[in-house]
Colleague: 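Below: one structure in structure tokens.
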Amino acid sequence: MTSASGGAGMVDWNLAVSTATRLARPGPEVTREEAARVVSELRRHALEAEEHVRGYTELRPARLADAEATPVLVVDRPGWVRANVAGFRTIVQPLVDRLQARRSETAGAALFGSLGEKATGVEVGALLAFLSTKVLGQYETFAPAALPAAPDSPAGLFDKPRRGPEPPGPGRLLLVAPNIVQVERELDVDPHDFRLWVCLHEETHRTQFSAVPWLRDHIQSEVQSFLAQTDVDPGALLERAREALADGVPGLGGRGDGSGPSTLLEAVQSPAQREVLGRLTAVMSLLEGHADVVMDGVGPAVVPSVAEIREKFQRRRDRGAGRLDLVLRRLLGMDAKLRQYQDGAVFVRGVVDRVGMAGFNRVWTSPNTLPTKEEVHDPAAWVARVAR
């Protein structure tokens, strides 16, 4: 990818960051003193959530060093953008290498490549600008180390993540303070309860990866397998999309009879990619659903208004912010992300009801004990295969 020093690549990441920073809407209005209190409270809640989550899930770090090496960063929207640029650059590098190799064989590729890097940089920046206003927290599985609080950030309070291209570290937890404040105001809920509730969800992800050492490598392997199957021939991709439009992508001119892929994104994937994506969808549903169950399970003991928060938050999640927001959510695959929360939570509760938390925790034994895409919708099938 294009590095900070400028190098041949497929995306101008410097332009992506500057575009996202310029286009992202400002966060809610707060005074310097209010901002300082929010940042301080989020850091305190993140530490408090750690023990709550470990006690409820019965998961402990495999090595204390693993937990200590995954920092918790409180960031603003530009900080979130920089962090995600680092993750993108790390995870898609093998695909970029293949595209660059193909480009080198094409006449005139250098000229068009330079223009393409700029165009793609603007597109990625616009995407990040939109998403930077939506995310409350995020566990970054593939991320370089972090810098301490940045003196040039608003109010000098926020952490400043590196944006690469350093080798990935063990992961890091991001809490996006402006978005948390904005949502707690929109929902009109107790801000202290809501901040702890969010931290419980995100800390669950941190605990998952620190307690299950093989999980990170497994996900990375699956992602790299998906990217390795990507067809870099534009003609082949266009032909696959054309066939999908004729054969059944609903709403895109096809028959929509269920015989073909359900989205255009699926249409340009190879059968091998769809198989990998099915496994990734299952594991992500598990991780997200587990975190949702934990945040609500711990909640009654430490978050007095958890029932009100869940009800209001779920209504907001279901309806979206507006018509344009709903369209963008669907185009970007965010609706699929929301289904992961719902499907995963049903799976986790279904298993725990049958075999308890200790029985459920057999899911973390190895990649072979993870639920399949079908088992996510049938907890009893997973119990029969693994827990008994």
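In this chain, numbering begins with 1 at the start of the sequence shown.
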Colleague: Taking only residues two or more places apart in sequence, or in another chain, which ones meet H52 in a ring pair (Phe, Tyr, Trp, His ring centres under 6.0 Å)?
Modeller: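 Scan of H52 (ring pair (Phe, Tyr, Trp, His ring centres under 6.0 Å), adjacent residues dropped) gives none.
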Colleague: Examine the side chains of E203 and T207 and answer whether a donor and an acceptor come within less than 3.5 Å of each other.
Modeller: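 Yes, a side-chain donor-acceptor pair sits under 3.5 Å.
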Colleague: Considering residues at least two apart in sequence or located in another chain, which fulfil the side chain to side chain contact (heavy atoms under 4.5 Å, CB included) criterion with A272?
Modeller: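 If we apply the side chain to side chain contact (heavy atoms under 4.5 Å, CB included) test to A272, skipping adjacent residues, the hits are Q229, S270.
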Colleague: State which residues pass salt bridge (charged side-chain N to carboxylate O under 4.0 Å, His left out) with E311; sequence neighbours excluded, sorted by chain then number.
Modeller: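 In terms of salt bridge (charged side-chain N to carboxylate O under 4.0 Å, His left out), with neighbours along the sequence ignored, E311 is linked to R315.
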Colleague: Do the rings of F360 and W382 sit parallel, tilted or perpendicular, given the 30° and 60° boundaries?
Modeller: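 Tilted, since the angle between the ring planes falls between 30° and 60°.
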Colleague: For residues N179 and W80, is any side-chain donor paired with an opposing acceptor at under 3.5 Å?
Modeller: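 The answer is no; no qualifying pair exists.
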Colleague: Would you mind listing the cluster partners of L15? Hydrophobic ones only (ILVMFWY), side-chain contacts under 4.5 Å, chaining allowed.
Modeller: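 Result for L15 is V122.
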Colleague: When the side chains of residues 346-357 are checked against the rest of the protein, which donor-acceptor pairs come out under 3.5 Å, sequence neighbours left out?
Modeller:
residue	atom	partner	partner atom	Å
R354	NH1	G350	O	2.8

Colleague: May I ask you to decide whether R279 forms a salt bridge with E275, counting only side-chain N to carboxylate O separations under 4.0 Å?
Modeller: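 A salt bridge links R279 with E275.
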Colleague: Under 3.5 Å, is there a donor-acceptor pair linking the side chains of D343 and S285?
Modeller: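 Result is no, nothing qualifies.
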Colleague: Go through the structure and list residues passing ring pair (Phe, Tyr, Trp, His ring centres under 6.0 Å) with H45, not counting sequence neighbours.
Modeller: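 With sequence neighbours excluded, H45 shows a ring pair (Phe, Tyr, Trp, His ring centres under 6.0 Å) to no residue whatsoever.
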Colleague: Does the side chain to side chain donor-acceptor pair (under 3.5 Å) test come out yes or no for W214 and D217, once each step is laid out?
Modeller: CA-CA 6 Å; W214 56 263; D217 290 340; over 6 Å; no
Colleague: State, yes or no, whether a side-chain contact exists between P78 and R82 at a heavy-atom distance under 4.5 Å.
Modeller: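 In short, these two side chains touch, coming nearer than 4.5 Å.
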Colleague: Do P61 and R54 make a side-chain contact, defined as non-hydrogen atoms from C-beta onward lying under 4.5 Å apart?
Modeller: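 P61 vs R54: side chains touch.
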Colleague: Hey, does N361 have a side-chain heavy atom less than 4.5 Å from the side chain of L59?
Modeller: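 Result yes, sub-4.5 Å side-chain heavy-atom pair found.
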Colleague: Any salt bridge linking R37 with E33? Criterion: basic side-chain nitrogen under 4.0 Å from a carboxylate oxygen.
Modeller: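 Between E33 and R37 there is no salt bridge, as every charged N stays at least 4.0 Å from the carboxylate O atoms.
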Colleague: In terms of relative ring orientation, are H201 and H205 parallel, tilted or perpendicular, with 30° and 60° separating the classes?
Modeller: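 Perpendicular, since the angle between the ring planes exceeds 60°.
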Colleague: Would you call R60-E51 a salt bridge at under 4.0 Å N-O?
Modeller: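 Result for this pair is yes, salt bridge flagged.
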Colleague: Taking CD in E222 as the centre, count heavy atoms belonging to other residues, nucleotides or ligands within less than 6.0 Å. Is the count above 12?
Modeller: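 Result for CD/E222: enclosed.
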Colleague: Taking atom types as modelled, find out whether E140 and N84 have a side-chain donor-acceptor pair closer than 3.5 angstrom.
Modeller: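 Not at all, the side chains of E140 and N84 share no donor-acceptor pair under 3.5 Å.
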Colleague: Are any non-hydrogen side-chain atoms of T57 and H290 less than 4.5 angstrom apart?
Modeller: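 Heavy-atom side-chain distance check passes, below 4.5 Å.
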